[in-house]
Amino acid sequence: MLGITVLVVAVERVGGFGLFDPARGGDPVLFQHMFWFYSHPAVYIMVLPGMGVISETVSAFSRKNPFGYKAIAMSSLGIAFVGFFTWGHHMFVAGQSTFNAGAFGILSMFVGVFTAIKVFNWVGTMYRGAISFRTPFAYICGFLYFIVFGGMTGVALATTSLDIHWHDTYFVVAHFHFIMVGASVMAFLARSHYWFPKMFGKSVPRGMGGLVAASLIILGFNATFIPQFLLGNFGMPRRYYQYPEHFQALNVASTAGATLLGFGFLIILIYLAIALKWGSRSETNPWRSKGFEWLTASPPPTHNFDETPTITQMPHDYRTHEPGGVIRVA
Ligand SMILES: [Cu+2]
């Protein structure tokens with residue numbers, strides 16, 4: 001879709017045809033349709049792998065089989081499918097009919113329903129699990145918070161009457177970042193800590209660095225984007241760098257939050273770089289995970305396995321007792 005759109009723009013500009021340009025008899029709303037038909041599902045390119053990563057990580061750090069595994073898997077397919085029929089929610093004020101707006105609004109809310117199914121099952125996986133509070137678990141909690149907050153503001157934005165007020169304001173920017181940066185980056189951080197020993201054969205440091213960085217990132221993120229929800233609701237449009245005096249305080253708060261966020265990432269970079277250079281060697285499976293990737297050495301040799309491994313358990317089967325692990329299954 002993106003390729004076709006770029007091609008049509010090129011044909012219009014080089015050939016002088018009027019396809020999108022209203023001055024030449026084209027339709028600019030057609031450009032919006034083509035752009036959002038691609039750009040809405042594009043969000044899921046980033047957040048669906050994050051959801052998959054969290055499903056695995058929740059299971060590993062609760063030492064329990066994922067609760068409602070099939071529901072988690074099917075709701076991913078549901079999001080991927082319905083995501084192709086929601087693009088019109090970006091165009092509620094582009095002269096859409098009431099019927100179209102209502103249909104796009106309801107279809108968009110289905111994404112919220114599928115996400116809620118996942119959240120319920122992730123929390124169900126944690127329930128009565130033997131939770132280990134290592135750094136990745138902090139990011140799992142952050143992820144759950146951001147996806148719930150971001151998801152609920154998404155359902156609100158899919159409501160046409162509310163969207164007319166919030167359209168093209170900072171409210172949309174804040175909602176988008178809660179999902180894209182909040183949820184996706186939390187999943188990325190959870191899994192980069194989790195796979196760090198797998199990738200480099202070095203332990204993730206157990207010091208305070210992980211907790212301090214996670215707190216700075218989660219607090220900083222809220223301080224950055226909650227003021228933007230407020231600014232949007234007060235009517236500050238997006239993509240403007242000048243604004244009336246009374247928006248100043250909230251914009252400064254947002255910048256301060258972004259600074260905290262930056263320091264959080266800096267701390268992670270520093271302690272991971274130190275661990276890489278001077279850290280202790282990690283054991284083969286430091287998290288006692290049942291994932292198949294942990295059956296080989298860390299880091300894995302080029303050929304992965306010396307011989308074909310015999311798989312005796314499913315990758316999330318935490319029912320069996322392992323030395324040193326307290327396993328409780330609901
Ligand atoms: Cu969208």
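Whatever order the structure lists ligands and atoms in, that order sets their numbers, starting from 1. Numbering of residues begins at 1 and proceeds along the displayed sequence. This structure is a prediction, so every number in the text was calculated from the model and none was measured.
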Which atom of His40 is nearest the Cu ion (ligand 1), counting N, O or S only? It is ND1
Does the gap between the ring centers of Tyr139 and Phe188 come in under 6.0 Å? no
Between CD on residue Glu283 and OG on residue Ser298, distance to nearest 0.5 Å: 9.5 Å
Between Phe171 and Phe176, ring centroids under 6.0 Å: no
Distance-only donor-acceptor check, side chains His90 and His167, under 3.5 Å: no
Name whichever N, O or S atom of His90 ends up nearest to the Cu ion (ligand 1). NE2
Can you name the N/O/S atom of His89 that is nearest the Cu ion (ligand 1)? NE2
